[in-house]
Amino acid sequence: MSTGNRLTRRSVLKAGGVAVVGATLAACGSTPTPAPAASSESTAPPAASTGPTTITYWHLWSGRYADIQQKLVDTFMKEHADIKVDVLPVPSAIREKILTAVAAGQPPDVATDGDCQTMATAGALTDITPFVEKRGTDLKAIYPILLEGTRWNGKQWGFPANAGVEAWYYNKDALSKAGVDTGSGPLDWAGPETWADWIELNKKLIKLDNSGAIVESAALPWAVRGIDVWFWTNGGKAFDAASGKVTINSPENVEALAWLVDYCKQVFGSVDKANEFQSAAGSAADGPFCTGTQAIVYGGNWDISTYHDWCASVKFGFFRFPKGPKGTDRYAYGASDWIYMPRGAKHPEQAYTYIEWYVMKGATLWNKAGVDLTPIIKDKGLIPDGHVEIFGSEELAQKVNNWWLEGLEHSLSTYNFPAYGFMENELFRVRDLALAGDVTPSAALDDAQASVERELEKTKLPA
Amino acid sequence: MQSPMPRTFARRPALGRTATKEALLGVLFASPWLIRLFVLNVYPILAAFYYSFTRYRITSAPHWVGLANYVEALTLDKLPLQALYNSLYYSLFSVPLGLALALFLALLLNQSVALRSFFRATFFIPSIVPAVASAVLWLWILNSRTGLINALLTSVGLPRIPWLSSPTWIKPAFILMSLWGVGQSVVIFLAGLQDVPRHLYDAAEVDGAGTWAKFRFVTLPMITPSIFFNLVMGVIGSLQIFGPAFVIMRGPAGGPKNAGLFFVLYLYNQAFQYLNMGYASALAVILFVVIMAMTALILRSSPAWVYYETTR
């Protein structure tokens with residue numbers, strides 16, 4: 001009997017061994033594709049194909065915002081039949097995933113993230129300057145402080161994906177109870193003009209119980225997105241983009257931090273007491289702002305809808321930061337997320353088409369969808385959906401919208417620094433030390449100056 | 001006459017054909033695990049050592065900087081030592097307290113009581129709850145105004161504790177939280193307790209030993225291997241605390257005055273927030289050395305207090 005075609009134990013083992021080793025090697029064998037060395041190389045047109053080109057888009061939003069992203073993509077695809085966009089929401093740790101994908105040579109074509117500069121200095125992004133020039137993208141339409149955050153080394157690395165303005169919300173009834181007349185409309189009262197006014201106002205707002213615990217709290221001026229906004233209020237800044245120098249320990253900034261420490265002592269007595277109130281404060285309708293136990297809180301323009309949803313009966317208004325002795329303007333804080341093309345994107349032409357559409361048109365649709373983020377482009381004609389109902393008239397809703405938009409003209413750029421994330425964390429670290437009285441404001445900012453300068457040096461090393 | 005070759009230098013007899021084939025088959029069958037070991041463990045460990053001497057930002061080639069990362073971590077940057085202190089503090093308290101609680105629970109669960117299996121399962125369940133879910137639960141329990149613990153304290157006239165907002169209380173809060181997950185240690189102690197020979201207790205009783213004496217002179221020595229195992233694993237695990245800290249701190253920040261900035265949290269910041277992968281690798285090597293040193297210390301001390309019935 002012939003055994004020629006029989007499955008023997010040896011042949012099965014051989015086949016199994018080959019399969020195991022082969023599969024393992026295949027799995028490990030996705031040798032990182034070398035990322036394109038120069039971004040200009042990636043501007044080459046893709047190979048001709050018959051159907052639409054599919055690009056991948058990773059974004060960092062979830063829930064309602066993710067739904068809006070899908071609607072934007074659907075709208076884009078209706079207008080661009082030759083491009084199909086595959087959307088992947090990555091609401092957690094998107095930067096790590098983008099970096100890994102770039103290192104593996106398999107990045108998405110387009111992505112959003114919270115920090116463009118860090119990614120650009122790490123060499124993880126495509127320089128889109130050639131596309132901007134080729135397509136004639138109208139950069140002047142974009143708010144300068146937002147655009148500034150996407151430029152580094154004279155190149156364009158992405159665009160703002162949205163814009164938000166942050167300032168101070170006040171609860172009208174709570175302030176009225178403290179004897180402060182704020183008028184009837186959201187913009188009838190401009191808030192404290194100076195640091196001294198701010199302290200006097202907040203002293204009226206704090207109430208303690210018999211045990212000394214806070215039952216009604218004053219504002220926490222250090223609980224903001226970045227404390228460098230207080231530097232601005234005194235004519236200072238943390239980084240001078242023109243000279244490329246870190247200026248954290250300038251006299252204006254030291255004075256600003258010393259003022260925060262002084263405010264904390266005068267109003268709260270100790271920072272622990274203030275922090276305890278803040279960390280234990282509820283949220284939503286039970287939160288201190290809605291219940292009137294904290295009359296002044298920090299927030300963004302998107303909080304208009306949020307507070308309306310949580311406590312529609314609470315009447316509120318907004319004001320910008322007060323000025324310090326050397327201050328020249330009453331600032332707001334302009335913030336943004338970013339949209340960019342990771343290095344090694346497979347379809348750069350189509351990716352840029354999507355990015356440009358997103359910035360010039362998509363973000364405006366997003367704004368209209370009622371999530372209150374301000375448009376990236378200068379368009380004061382917009383009123384977010386739902387705001388007419390909130391403010392009772394189109395005229396007032398328009399006025400409020402314009403007030404927030406103007407905040408972008410009363411803000412400095414916070415992102416035009418290659419080690420932005422590091423700097424903000426360092427400022428928070430030394431702020432805590434100064435507020436606790438462990439170090440003087442001057443020593444705290446000297447410390448931050450040294451560490452941020454060290455970090456800045458790292459971004460200058462050859463790639 | 002030439003002396004015969006010492007036995008130790010004698011050439012090993014060649015493997016027979018069958019033995020060779022079986023050895024090859026053994027390697028072949030073990031190969032998926034071996035490949036995984038080398039690709040996912042050995043290579044990354046060696047790579048981390050290499051990257052710790054470089055400035056490496058993941059998406060570009062590493063740039064050799066010698067010992068600069070170590071110099072920065074140990075002399076210039078204030079946070080690694082603070083983060084290491086936080087982790088050691090956490091480990092120093094959470095491990096012994098966890099061991100004591102686990103042993104106490106195991107002793108209770110080793111009794112012949114009704115619903116014993118139910119209680120055993122109940123105490124084990126927290127240790128299989130995902131870290132994020134349990135951290136979110138603890139966020140509520142530790143809320144200084146509305147949390148369960150402070151509600152209990154105030155109900156008996158004690159002051160509220162600012163668990164998560166005070167630099168003094170953050171680490172105790174994490175230690176308290178760690179005690180919730182002692183279920184795995186309880187299981188190991190239970191296994192150890194059930195291995196204690198009955199005749200030893202009988203002999204002790206004949207000698208007039210009471211409950212405490214039996215525990216002190218029979219149970220405790222006999223379960224020292226379990227204590228040793230839980231101690232080593234506890235120290236290694238506690239020094240690498242990350243998940244609960246990341247969730248409780250709502251991101252990579254370290255809480256007031258960085259009192260809750262644990263070492264791995266800071267390592268994560270450097271690697272993925274600031275993209276300093278070379279520096280983060282140096283931090284990883286430093287943590288590796290610390291864990292190795294502590295583990296070696298425990299291992300060296302073990303002959304003095306760990307009793308293996310088969311070796312004495």
Side-chain angles (χ1 to χ4, degrees), chain A residues 10 13-14 16-17 20-21 23-25 27-28 35 93 95-96 98-100 102-103 107 115 118-119 121-125 211 213 271-282 286 342-344 419 421-422 425-426 428-429 432-433 435-436 438 447 450-451 454-455 458-459 461-463, chain B residues 21 24-25 27-29 31-32 34-36 39-40 54-55 57-61 63 65 68 72 76-79 82 139 142-147 150 154 159-169 252-259 261 268-279:
Chain A
R10 178 178 296 183
L13 286 171
K14 264 187 193 170
V20 167
V21 174
T24 311
L25 290 177
C28 304
R95 190 182 307 166
E96 291 90 317
I98 294 169
L99 282 168
T100 313
V102 169
D115 182 358
T118 305
M119 292 290 275
T121 56
L125 304 185
S211 69
V271 71
D272 284 351
K273 195 184 273 187
N275 285 343
E276 187 202 342
F277 178 87
Q278 190 70 10
S279 79
D286 297 328
R343 194 179 73 177
F422 182 88
N425 285 348
E426 274 299 284
F428 282 133
R429 179 178 71 84
D432 285 353
L433 295 175
L435 286 174
D438 292 357
D447 184 1
S451 57
R454 211 164 54 235
E455 188 69 15
K458 291 180 192 170
T459 66
L461 277 172
Chain B
K21 199 170 81 179
L24 282 173
L25 279 175
V27 171
L28 179 66
F29 281 117
S31 62
L34 285 172
I35 291 168
R36 180 205 154 279
V39 172
L40 298 180
T54 67
R55 195 78 81 216
R57 308 201 80 192
I58 306 174
T59 50
S60 45
H63 174 77
V65 292
E72 181 174 355
L76 299 171
D77 188 352
K78 295 181 174 71
L79 288 178
Q82 187 183 356
L139 262 177
L142 295 168
N143 185 296
S144 65
R145 200 159 290 249
T146 57
N150 277 356
T154 50
R160 284 197 299 249
I161 294 175
W163 293 105
L164 301 175
S165 61
S166 155
T168 313
W169 285 101
K257 292 170 74 177
N258 282 316
L261 183 72
Y268 172 88
N269 279 354
Q270 286 292 343
F272 293 109
Q273 295 294 302
Y274 314 142
L275 311 186
N276 292 326
M277 195 56 84
Y279 187 54

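In the text below, chain A, chain B and the rest are named by the order of the sequence lines, each starting its count at 1.
- If you measure heavy-atom distances from A:A124 to chain B, the contacts under 4.5 Å come from both the backbone and the side chain.
- Summarising the geometry, atom CZ belonging to A:R343 is positioned 5.0 Å from atom OG1 belonging to B:T59; distances are rounded to the nearest 0.5 Å.
- Between A:L435 atom CG and B:K257 atom NZ the span is 10.5 Å, to the nearest 0.5 Å.
- For chain B, no part of A:F428 is nearby; none of its heavy atoms comes within less than 4.5 Å.
- For a residue to count as touching a neighbouring chain, one of its non-hydrogen atoms must lie under 4.5 Å from one of that chain's; by this rule A:T118 touches chain B with backbone and side chain alike.
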Can A:K458 and B:E72 be said to form a side chain to side chain contact (heavy atoms under 4.5 Å, CB included), step by step? CA-CA 12 Å; A:K458 291 180 192 170; B:E72 181 174 355; 3.2 Å; yes
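- Residues that satisfy the side-chain hydrogen bond (donor to acceptor under 3.5 Å, both in side chains) test with A:E96, not counting sequence neighbours, are B:Y268.
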Begin with the C-alpha distance, continue with both residues' side-chain angles, and end with the deciding distance and a verdict on side chain to side chain contact (heavy atoms under 4.5 Å, CB included) for B:L79 and A:E426. CA-CA 10 Å; B:L79 288 178; A:E426 274 299 284; 4.0 Å; yes
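- Using a 4.5 Å cut-off between heavy atoms, A:E455 touches chain B through its side chain atoms alone.
- Under the side-chain contact (heavy atoms from CB on, under 4.5 Å) criterion, A:D447 pairs with A:R429, A:V430, B:K78, sequence neighbours left out.
- Under the 4.5 Å side-chain criterion, counting only non-hydrogen atoms from C-beta, B:N258 is not in contact with A:D432.
- Between chain A and the options B:P167, B:S144, B:P162, heavy-atom pairs under 4.5 Å are most frequent for B:S144.
- No side-chain heavy atom of B:F272 sits under 4.5 Å from any side-chain heavy atom of A:R95.
- Contacts between A:A213 and chain B at a heavy-atom distance below 4.5 Å involve the side chain alone, from C-beta outward.
- In this structure, chain B has heavy atoms under 4.5 Å from both the backbone and the side chain of A:T121.
- B:Q273 and A:N425 are not linked by any side-chain donor-acceptor pair at a separation below 3.5 angstrom, with hydrogens and angles left out of the test.
- Between B:S60 and A:A122 the shortest heavy-atom distance is OG-O, 3.9 Å.
- Looking at A:E276 and B:L164, their side chains never come closer than 4.5 Å, going by heavy atoms from C-beta outward.
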